[in-house]
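In what follows, a single structure is set out as C-alpha cells and then discussed.
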2 protein chains.
Amino acid sequence: MTTEPSRIPAAEPLRVDARNNRTRIVEAARDLFATQGLDVTMTDIARHSGVGVATLYRRFPTKDSLVTEAFAEQIELCASVVADALADPDPWRAFHTVLEQVCAMQAVDRGFTGAFTSRFPDSATFDQLRARAEQGFGELADRAKASGHLRADFTFDDITLLLMANGGIVADSRRTALAASRRLVALMLHAFRATGAEPLPPAPHLGLQHVVRPPAAH
Amino acid sequence: MTTEPSRIPAAEPLRVDARNNRTRIVEAARDLFATQGLDVTMTDIARHSGVGVATLYRRFPTKDSLVTEAFAEQIELCASVVADALADPDPWRAFHTVLEQVCAMQAVDRGFTGAFTSRFPDSATFDQLRARAEQGFGELADRAKASGHLRADFTFDDITLLLMANGGIVADSRRTALAASRRLVALMLHAFRATGAEPLPPAPHLGLQHVVRPPAAH
DNA sequence: AAACAAGTGGAGGAAGCCCTCCACTTGTTT
DNA sequence: AAACAAGTGGAGGGCTTCCTCCACTTGTTT
C-alpha cells in the first residue's frame, strides 16, 4: 500500500542531501562501469561522486547491489527493444534490429556483459527481465525462420554465440568498439540469412548463461 | 658457441631434481592456464606442481615469465600453422584452415588470448613470432582475395575482429567451447566468402593489439 | 532555535595477490 | 664420505580490494 506509482525503491523518504548523493553515485558508477568495466574500485566511484566510501556503502551495502542499480535502466531498455521488435510485422527486420541494438548496447558499455552475467542473488527483477528477453529472442528467431528469411538450421544458441562473440570486442574508444561490433553483427546476420547456405557444423548446446567473461565481474 | 642444438634456455646446467621440478611447474601451469585462465595464483600453480612458491619463483622470477614459457609451444605451433598455410597452393583452403586452427587453439585454451595480448617485455621472440604471424595472415588474406574466393571488401582488421569475437567464447567444458568456436568460425567464413555479398559497414580501424581482454592477464 | 535522527568521511580490518627472505635440505664433486 | 654450492619450503612484506566502525556534521521537526 505504498503511494509509489511503479518501481520498488521508495522504501524510506531519504533526506534531500542523501538523495542527491545517491543520484551522483549512480551516475558516476554508470559512467565508470561503461568506460572502464566492472573492475573499477568502490573508492574510485566514491571519489568521482564526491562522497566518501561510507556514504556509498550506506546506500549500496555491496558492490553487486550498486552494479544492479546502475544497470537497471539498461536492462529495461533491453526489454523494451525486444518488446518493440515483437510488435514489428516484418519478421526479418524485427530479428536483425534486435540483434543490432542489443549488440550495440553491449559494445558501447564495457560493463554490460559482466553486469548481465554475474549473479545477482538479491534482484529477482533482473533474472526475470533476462528470462523474458531470452524468450523474446526465441520467438523472434522462430518467426524469422518461419518467414523463410532465417536459415533453417539456425538455433537459439546461435544468438548466445553472437552475444558471446560480441562481448569479446574491446577497443580503447567507444566509437571504435561500436564500429567493430557493427561489422561483426553485419557479418553474422549475413551468415544467418537463408541464402544458399552450405551446412554448418552442429550447434553447440549452450544456453544464455554462458554469455560470460569469468574475470570481469567482482 | 653453446652445444645446445636449438632453443635458448640452456644457460645453466641445472641439477636434476631442479630440472624435474621445473618441468612439473611448466606442466601444471599449462594445465591450469588452459582450464582456468591466466588468473590462477602462483600459490595454486606451486601446489599443483608439488613445490613451494619459492621454488617456482627461483625458476621464473615473475608470473609473466612463467606465462611466456608456458605458451612458448603454443606460439610456435601457431607460427607453424601459418607457415603450413603459406605453403598451400589453394588460397581459400589455406585461408580458412589457418583461421579454423588458430581459433580452435584459442577456444580450447582459456589463457591463450590473455597470454598473447599481455605485454612480455623480456621476450622478443614472442613479439617476433606474433609479428610474423600477423604478416602471414595478411599475405593469406591477400592471396584469397586475389583468387576471387574472399570478398573484395574484406580487410585485415576482419581477422582481428574474428579473433576478438572468438576470444569471447567461454564455456565450462572444453568440448562445448570448441563446438561453439567452430560454429562461429564457420559462420564468419561463410560471411567472408565472395558470394553475392551485399556491402558491409566500413571496417573498423583496429590492429592486432586490440585482441585484448583487459581484466584477463596479470 | 533546540534537539535528534539521519547522514557523513576517512581510518583501518580482513582477505587475497605477487613476490622475498632465510634457515634448512639435498644433489654433486673430489 | 666430506664439503659445498645449489635447491627448497613456508612465513610474511607490501600492495590492493571490499567493506565496517565511529566520532563528527547536517538536515529536519516541533
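Chain naming here is simple, since letters A, B, ... match the order of the sequence lines and numbering starts at 1 in each. Here the structure is a predicted model, which is why all the values come from computation and not from measurement.
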Test salt bridge (Lys or Arg N to Asp or Glu O under 4.0 Å) on R130(A) and E134(A) and set out the steps. CA-CA 6 Å; R130(A) 184 166 52 185; E134(A) 190 165 351; 6.0 Å; no
Which nucleotides of DNA chain D pair, in dot-bracket form (Watson-Crick or G-U under 3.5 Å, | meaning another strand): ||||||||||||||||||||||||||||||
Euclidean distance, T160(A) OG1 relative to L163(A) CG, rounded to 0.5 Å: 6.5 Å
Separation of R47(A) atom CZ from dT16(D) atom P, in whole Å? 12 Å
Nearest-nucleotide 5' precedence on DNA chain D, P61(A) against T41(A): T41(A)
On DNA chain C, does the nearest nucleotide to T43(B) precede the nearest nucleotide to V53(A) from the 5' side, or the other way round? Give the residue. V53(A)
Closest nucleotide among dT26(D), dC18(C), dG27(C) to the R15(A) side chain: dT26(D)
Go through dT20(D), dG7(C), dG10(C) for me and flag the one nearest to the A54(A) side chain. dG10(C)
Considering every strand and a 4.0 Å limit on heavy-atom distances, what is the contact class for R59(A): base, sugar-phosphate, or nothing? sugar-phosphate
V16(A) side-chain proximity, nearest of dG27(D), dG27(C), dC18(D): dG27(D)
Ignoring hydrogens and geometry beyond distance, is a side-chain donor-acceptor pair present between N166(B) and S181(B) at under 3.5 Å? yes
Roughly how many Å is it from CG in L32(A) to C1' in dT17(D), rounded to a whole number? 16 Å
For N21(B) and dT8(D), is the shortest distance between a side-chain N/O and OP1 or OP2 below 4.0 Å? yes
Report yes or no: do S49(A) and E27(A) form a side-chain donor-acceptor pair below 3.5 Å? no
Would you check, one step at a time, whether the test ring-ring contact (aromatic ring centres under 6.0 Å, His included) holds for F95(A) with F137(A)? CA-CA 8 Å; F95(A) 179 75; F137(A) 280 141; 8.7 Å; no
OP1, OP2 of dG7(C) versus side-chain N and O of T55(A): anything below 4.0 Å? no
From CG of D17(A) across to P of dG27(D) the rounded distance in Å is 6 Å
Among R59(B), R30(B), R22(B), K63(B), which one satisfies salt bridge (Lys or Arg N to Asp or Glu O under 4.0 Å) with E69(B)? R22(B)
